[in-house]
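Residue numbers begin at 1 in each chain, while the letters A, B, ... track the order of the sequences.
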Protein chains: 2
Amino acid sequence: MEEKLFKAFKALGEPTRLKIIKMLSVQSMCVCELSAVLDMTQPRVSQHLKILKEAGLVNESKEGYWVYHSLNRESLHRLWNQFLAFLDADLRNLEGYEEELQKLSGLESNEKVIATKEKIRANNT
Amino acid sequence: MEEKLFKAFKALGEPTRLKIIKMLSVQSMCVCELSAVLDMTQPRVSQHLKILKEAGLVNESKEGYWVYHSLNRESLHRLWNQFLAFLDADLRNLEGYEEELQKLSGLESNEKVIATKEKIRANNT
DNA sequence: AGGCTATATAAGCATATGCTTATATAGTTT
DNA sequence: AAACTATATAAGCATATGCTTATATAGCCT
């Protein structure tokens, strides 16, 4: 889950790819069209599209020797929903948070720290 | 607009930061607590928090010498709404797409290409 | 003031990323 | 088959990123 999330966000977190996504939001395009419209070299566009496809954000369909790319809006919404679900999830229901869960419950048991905090709070009022 | 968008996504597109965000979704924490719970060095946590703060995703409040960090859920929703607005926006309303807009309208005027495409389509049916 | 505690920042390093140029692959047309 | 178009992939390079260790800064306490 987290793997997919951060890869998708990473794919979105790059200016060139955001531009490509914006262009694809206007209309589906093949690599050469994107390359022409954005005034970028073809390999540059290809490489970014690969990343976007791997993140599931862009679909492709071949037509002759053109490869048309379209924005997968469905997957965008799914991404955000999964992210919100991730944020709302109880730690006990997430993989890989066993240690964190345990250490989190031990956090407030340090009496010395608690005392210090209370003092500071008292001083601030 | 785009600048903010891709920086926020970039901030989210990193596993350590996603973990930090998840922990902050459970409760506000200071650096030392995050450091302890996630079992990471303090500078590592500090540096990531800085990025998250710069992206506006995390708020901080000082309490004694502790600096408490909390997830800014409001800004998360704003981020997504702005992203959707960016996708829906007409190119004419976006900064920095003047060239693209022009080249896009010129795309379909290449008759040779259009002819080729039509032939291919005909052959494929 | 001096000694704590927590946090921020800096320096250095290894790896990742984005780009370019060059080349390979796939499909189309003649 | 040969030439052509579009795309993918590879190699190489410069910069960015994430981490560690070391050090500086800031706030609190005795």
Side-chain angles (χ1 to χ4, degrees), chain A residues 6-7 9-20 28-55 58 60-69 107 110-125, chain B residues 6-7 9-20 28-55 58 60-69 107 110-125:
Chain A
F6 94 76
K7 282 201 174 164
F9 284 134
K10 193 176 204 172
L12 292 173
E14 206 278 335
T16 301
R17 286 194 288 272
L18 255 199
K19 277 213 156 190
I20 290 176
S28 291
M29 277 186 264
C30 60
V31 180
C32 63
E33 288 172 330
L34 278 168
S35 178
V37 169
L38 290 167
D39 195 25
M40 295 175 182
T41 62
Q42 173 263 315
R44 182 176 171 193
V45 174
S46 270
Q47 285 158 7
H48 283 299
L49 281 172
K50 188 179 182 183
I51 292 171
L52 290 170
K53 276 183 278 182
E54 282 170 357
V58 160
E60 74 170 38
S61 67
K62 302 206 173 185
E63 192 165 328
Y65 39 59
W66 284 279
V67 181
Y68 273 82
H69 295 269
L107 258 194
N110 186 339
E111 295 185 4
K112 216 185 284 182
V113 172
I114 295 178
T116 311
K117 286 185 184 177
E118 274 170 7
K119 273 186 196 166
I120 293 176
R121 263 170 218 154
N123 284 343
N124 284 347
T125 51
Chain B
F6 94 76
K7 281 200 175 165
F9 284 134
K10 194 176 201 170
L12 293 173
E14 206 279 334
T16 301
R17 286 195 289 272
L18 256 199
K19 277 213 156 190
I20 289 176
S28 291
M29 278 187 263
C30 61
V31 180
C32 63
E33 288 172 328
L34 278 168
S35 178
V37 170
L38 290 167
D39 194 26
M40 295 176 183
T41 63
Q42 173 263 316
R44 182 176 171 193
V45 174
S46 270
Q47 285 158 6
H48 282 298
L49 281 171
K50 188 179 182 184
I51 292 171
L52 290 170
K53 277 184 278 181
E54 283 171 357
V58 160
E60 74 170 39
S61 68
K62 301 206 175 187
E63 193 165 330
Y65 39 59
W66 283 279
V67 181
Y68 273 81
H69 295 269
L107 258 195
N110 185 338
E111 295 185 4
K112 217 185 284 182
V113 172
I114 295 178
T116 311
K117 286 184 184 175
E118 275 171 5
K119 272 187 197 165
I120 292 176
R121 263 171 217 153
N123 284 342
N124 285 347
T125 51

Separation of [N] [atom2] from [X] [atom1] (nearest whole Å):
{"X": "A:Leu34", "N": "D:dT7", "atom1": "CG", "atom2": "C1'", "result": "12 Å"}
{"X": "B:Leu49", "N": "C:dA8", "atom1": "CG", "atom2": "P", "result": "7 Å"}
{"X": "A:Glu63", "N": "D:dA6", "atom1": "CD", "atom2": "P", "result": "13 Å"}
{"X": "B:Trp66", "N": "C:dA8", "atom1": "CH2", "atom2": "P", "result": "14 Å"}
{"X": "A:Tyr65", "N": "D:dA6", "atom1": "OH", "atom2": "C1'", "result": "7 Å"}
{"X": "B:Tyr68", "N": "C:dA6", "atom1": "OH", "atom2": "P", "result": "10 Å"}
{"X": "A:Lys62", "N": "D:dA6", "atom1": "NZ", "atom2": "C1'", "result": "10 Å"}
{"X": "A:Glu54", "N": "D:dT9", "atom1": "CD", "atom2": "P", "result": "9 Å"}

For the OH atom of B:Tyr68 and the SG atom of B:Cys30, what is their distance to the nearest 0.5 Å?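 Rounded to the nearest 0.5 Å, the OH-SG separation comes to 4.0 Å.
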Partner residues of B:Lys10 under the salt bridge (charged side-chain N to carboxylate O under 4.0 Å, His left out) criterion, sequence neighbours left out: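 Here no residue qualifies.
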List in chain and number order the residues that pass salt bridge (charged side-chain N to carboxylate O under 4.0 Å, His left out) with A:Glu60, two or more places apart in sequence or in another chain; answer none if no residue qualifies.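 A:Glu60 satisfies salt bridge (charged side-chain N to carboxylate O under 4.0 Å, His left out) with A:Lys53 only.
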My understanding is that only residues two or more places apart in sequence, or in another chain, count here; which of them pass side chain to side chain donor-acceptor pair (under 3.5 Å) with B:His48?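 For B:His48, the residues satisfying side chain to side chain donor-acceptor pair (under 3.5 Å) (neighbours in sequence not counted) are B:Arg17.
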Look at B:Ser46 and C:dT7 and indicate whether a side-chain polar atom (N or O) is within less than 4.0 Å of OP1 or OP2.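 No.
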Side chain of B:Lys50 - closest among D:dT7, C:dT9, C:dT7: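 Ranking D:dT7, C:dT9, C:dT7 by closest atom to the B:Lys50 side chain puts C:dT9 first.
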Measure from the side-chain heavy atoms of B:Gln42 and tell me the nearest of C:dT28, D:dA8, C:dT7.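 Taking heavy atoms from C-beta onward, the closest nucleotide is C:dT7.
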Taking the side chain from A:Ser35 and the backbone from A:Met40, do they hold a donor-acceptor pair closer than 3.5 Å?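 Indeed, once roles are kept as given, a pair shorter than 3.5 Å links the two residues.
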Listed partners of A:Lys7 passing side chain to side chain contact (heavy atoms under 4.5 Å, CB included), at least two apart: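 For A:Lys7 the side chain to side chain contact (heavy atoms under 4.5 Å, CB included) partners, ignoring immediate neighbours, are A:Glu3.
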According to side chain to side chain contact (heavy atoms under 4.5 Å, CB included), who are the partners of B:Glu54, at least two apart in sequence or on a separate chain?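 Only B:Lys50 meet the side chain to side chain contact (heavy atoms under 4.5 Å, CB included) criterion with B:Glu54.
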When every nucleotide of nucleotides 13-20 of chain C is labelled 5' to 3' by its protein contacts under 4.0 Å (heavy atoms), B for base, S for sugar-phosphate only, - for none, what sequence of letters results? ----SSBB
